[in-house]
Amino acid sequence: MEQRKHWWNGKWGRLARRDVYLRADADQWHVEQRAGGAEGISRFFEFDSEDEAYDRIRTLLVGPDTWRELSARPPG
């Protein structure tokens, strides 16, 4: 599975931090919504197309937070 995009709400701490990840695996697209940092709670969504995945991401990024796109780490 390849991570394509990562968004962060710009807040630190277990209670405030939120992350959204877009990942691809063959022809499946996966969106992870995580609350609470690395040890937080995640919700996962699977989609058959990239457009459907981005539709979900747009709904997840709505709200008062200032979301930032973080660069994906290069392979290796």
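Every value quoted in this text rests on a predicted model; they were computed, and no experiment measured them.
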Can any side-chain N or O of Glu52 pair as donor or acceptor with the backbone N or O of Asp48 at less than 3.5 Å? yes
Chi angles and distances behind the side-chain contact (heavy atoms from CB on, under 4.5 Å) call for Glu2, Arg4: CA-CA 6 Å; Glu2 176 187 355; Arg4 296 285 180 95; 3.4 Å; yes
Could you go step by step and tell me if Asp19 and His6 meet the side-chain hydrogen bond (donor to acceptor under 3.5 Å, both in side chains) rule? CA-CA 7 Å; Asp19 295 274; His6 175 197; 2.7 Å; yes
Between atom CG of Asp25 and atom CD of Glu46, what is the distance when rounded to the nearest 0.5 Å? 9.0 Å
So do the side chains of Arg14 and Glu39 get within less than 4.5 Å of each other, counting heavy atoms only? no
Would you say CZ of Arg43 has more than 12 non-hydrogen atoms from neighbouring residues, nucleotides or ligands within 6.0 angstrom? no
Quick one: pull up CG in Asp55 and OG1 in Thr59 and give me the separation to the nearest 0.5 Å. 8.0 Å
Ion pair check, Glu32 and Arg23, cut-off under 4.0 Å: yes
Check the hydrophobic clustering (I, L, V, M, F, W, Y; side-chain heavy atoms under 4.5 Å; chains of links allowed) and say if Val20 and Trp29 are grouped together. yes
Mind checking whether Leu22 and His30 have side chains closer than 4.5 Å, heavy atoms only? no
Check step by step if side-chain contact (heavy atoms from CB on, under 4.5 Å) holds for Leu60 and Trp7. CA-CA 10 Å; Leu60 295 174; Trp7 294 266; over 6 Å; no
Answer yes if Leu61 and Val31 sit in the same cluster of Ile, Leu, Val, Met, Phe, Trp and Tyr residues linked by side chain heavy atoms under 4.5 Å apart, and no otherwise. yes
Taking 4.0 angstrom as the limit, do Asp65 and Arg18 come out as a salt bridge? no
Can you tell me how far CD1 of Ile57 sits from CD of Glu50, rounded to the nearest 0.5 angstrom? 9.0 Å
Just say parallel, tilted or perpendicular for the rings of Phe47 and Phe45, cut-offs at 30° and 60°. parallel
So do the side chains of Arg17 and Trp12 get within less than 4.5 Å of each other, counting heavy atoms only? yes
